[in-house]
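Take a look at the structure set out below.
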Amino acid sequence: SCYGRAIFLSATLFISIISIFNSKQPFLHTLLLSWFVPLTIYVFFFIHFKYQYWLPVAIPLYSNWILIFPEEFRFPFKKQKILSIILFAIFVVQFAFFTMSDVKILSSQITREENNASILFYEKVKVILGEKTQENLHVYFDYRLYLPDDNAWTKETSYDLLTYSFIQEKDFDVLLLQQQRIMDYLQEGIEGIDPKEFELSQQFYRDANAGNLEGYELIYRDETGLIFNKSNKH
């Protein structure tokens, strides 16, 4: 749905194929298909799929839609005007769907302060930690969580998987962990590039999910995140 309805994607592929035989630049359209087919197979079947990975594959193929636009108020496929009109109608309908989706996204962005889970989680952080937000603490937060500069903290995040060695080396006072990130790395059957390092990370995330991190005390948890405070126990 991020790239269009099934009929739109099918029409895009159809146009790309017939453009090899019905355009002035058959080599160009052959090249576009040669880019599209193997990379699409690779993205969908051989890597961990995320919808944005397909974007550089799809955009060149979408450029073939230019062939069905009116040129000097005439459709380019002279003997296939009905087909061209149908394809153009599919394009217009898909454009309408994209417009409705864009309006919904825009509305969501405008009201995100009231509805965004990460922002709401930070409001809870401020309530729970209270005066500690104005202390000079070293705080780790998962990068998808919202953490503005309205506090006195020294903040640090990481795009890598967490391990005990990283946390202990940095000696954080507070940990703000995202619940979804924990669950992502605890999925059954998931494997890491470095199995030994990944096992260390999974052990950390298992302990975090159980609320039992070594050296830290879980003081709050909801569906968005967890707050761990450095334990005073020695």
Side-chain angles (χ1 to χ4, degrees), residues 2 42-54 108-109 111-234:
C2 297
Y42 177 72
V43 167
F44 279 90
F45 298 103
F46 292 99
I47 64 173
H48 177 64
F49 178 73
K50 291 186 178 180
Y51 71 91
Q52 66 268 28
Y53 291 172
W54 199 57
S108 175
Q109 290 297 311
T111 60
R112 66 179 180 174
E113 185 173 351
E114 293 82 15
N115 303 319
N116 185 276
S118 292
I119 295 177
L120 294 176
F121 178 71
Y122 178 64
E123 293 300 320
K124 295 174 184 176
V125 169
K126 289 196 296 183
V127 172
I128 291 165
L129 293 179
E131 294 181 357
K132 284 191 173 184
T133 57
Q134 299 309 315
E135 296 179 12
N136 187 21
L137 301 179
H138 190 195
V139 177
Y140 170 84
F141 70 101
D142 277 335
Y143 63 92
R144 291 179 183 174
L145 293 176
Y146 176 70
L147 193 61
D149 293 325
D150 64 346
N151 49 62
W153 293 341
T154 299
K155 298 176 281 291
E156 190 169 343
T157 190
S158 174
Y159 294 95
D160 294 327
L161 278 69
L162 298 181
T163 61
Y164 272 114
S165 61
F166 173 79
I167 296 298
Q168 291 167 355
E169 177 187 347
K170 296 291 184 175
D171 194 28
F172 294 108
D173 297 299
V174 174
L175 306 177
L176 303 178
L177 305 181
Q178 186 191 31
Q179 180 66 60
Q180 184 58 54
R181 194 180 189 198
I182 292 173
M183 302 312 297
D184 286 344
Y185 294 125
L186 293 181
Q187 293 182 62
E188 185 177 351
I190 191 172
E191 298 180 359
I193 297 175
D194 184 335
K196 291 183 179 179
E197 185 71 17
F198 189 64
E199 175 56 33
L200 293 176
S201 295
Q202 282 199 309
Q203 183 59 57
F204 175 86
Y205 286 115
R206 277 193 291 267
D207 290 350
N209 194 46
N212 190 30
L213 278 182
E214 183 181 334
Y216 290 87
E217 177 186 2
L218 177 64
I219 59 175
Y220 178 77
R221 178 180 203 160
D222 63 18
E223 66 278 1
T224 301
L226 300 82
I227 304 174
F228 285 91
N229 196 28
K230 185 189 244 182
S231 174
N232 294 322
K233 297 178 182 179
H234 298 285

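The residues of the chain are indexed from 1 along the displayed sequence. Here the structure is a predicted model, which is why all the values come from computation and not from measurement.
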Note to self: Working note: D150 + K126, criterion salt bridge (charged side-chain N to carboxylate O under 4.0 Å, His left out); need CA distance, chi angles, decisive distance, verdict.
What the structure shows: CA-CA 10 Å; D150 64 346; K126 289 196 296 183; 3.8 Å; yes
Item checked: Evaluation steps, side-chain hydrogen bond (donor to acceptor under 3.5 Å, both in side chains), between Q179 and N209 -> CA-CA 8 Å; Q179 180 66 60; N209 194 46; 3.3 Å; yes
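- Atoms CD1 and CD1, from I128 and I227 in turn, are 4.0 Å apart once rounded to the nearest 0.5 Å.
- Within the 3.5 Å criterion, the main-chain N or O of Y185 finds a donor-acceptor partner in the side chain of Q202.
- Contact check for T224 versus L120: no side-chain heavy atoms found under the 4.5 Å cut-off.
- How far OG1 of T154 is from NZ of K170: 12.0 Å, rounded to the nearest 0.5 Å.
- Nearest heavy atom pair, residue Q187 against residue D184, reads NE2-O, 3.1 Å.
- Residues that satisfy the salt bridge (charged side-chain N to carboxylate O under 4.0 Å, His left out) test with K155, not counting sequence neighbours, are D149.
- To the nearest 0.5 Å, atom CZ of residue R181 and atom CG of residue L161 are 6.5 Å apart.
- In this structure, L129 and W153 have side chains that are in contact, with non-hydrogen atoms separated by less than 4.5 Å.
- A donor-acceptor pair under 3.5 Å is formed between the side chain of S118 and the backbone N or O of R144.
- When all heavy atoms are compared, the tightest approach of F204 to I167 is CE1-CG1, 3.7 Å.
- For the pair Q203 and D207, the minimum side-chain heavy-atom distance is below 4.5 Å.
- The shortest non-hydrogen separation linking A208 to L177 is CB-CD1, 3.9 Å.
- Shown here are the salt bridge (charged side-chain N to carboxylate O under 4.0 Å, His left out) partners of E199, two or more places apart in sequence or in another chain: R206.
- Within the 3.5 Å criterion, the main-chain N or O of L137 finds no donor-acceptor partner in the side chain of D173.
- Note on ring orientation: taking the six-membered ring where Trp is involved, the planes of F121 and Y220 are tilted (angle from 30° to 60°).
- Closest of all the heavy-atom pairs between L162 and S158 is CD2-CB, 4.4 Å.
- Atom OH of Y143 sits in a crowded spot, with more than 12 heavy atoms from other residues, nucleotides or ligands closer than 6.0 Å.
- Of all the heavy atoms in L145 and Q178, the pair that sits closest is CD1-N, 3.9 Å.
- With values rounded to the nearest 0.5 angstrom, H138 atom NE2 is found 10.0 Å from N136 atom CG.
- Under the 3.5 Å distance criterion, the side-chain polar atoms of Y164 are matched with a main-chain donor or acceptor of E214.
- Although no hydrogens or angles enter the test, the distance criterion places no donor-acceptor pair under 3.5 Å between the side chain of S201 and the main chain of T163.
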Next item on the list: Might you work through the side chain to side chain contact (heavy atoms under 4.5 Å, CB included) test for K132 and N229, ending with a clear yes or no?
Entry: CA-CA 11 Å; K132 284 191 173 184; N229 196 28; 2.8 Å; yes
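- Note: F172 and Y140 meet the aromatic proximity criterion, with ring centroids under 6.0 Å apart.
- No option in T157, L147, L226 other than L147 meets the side chain to side chain contact (heavy atoms under 4.5 Å, CB included) test with L176.
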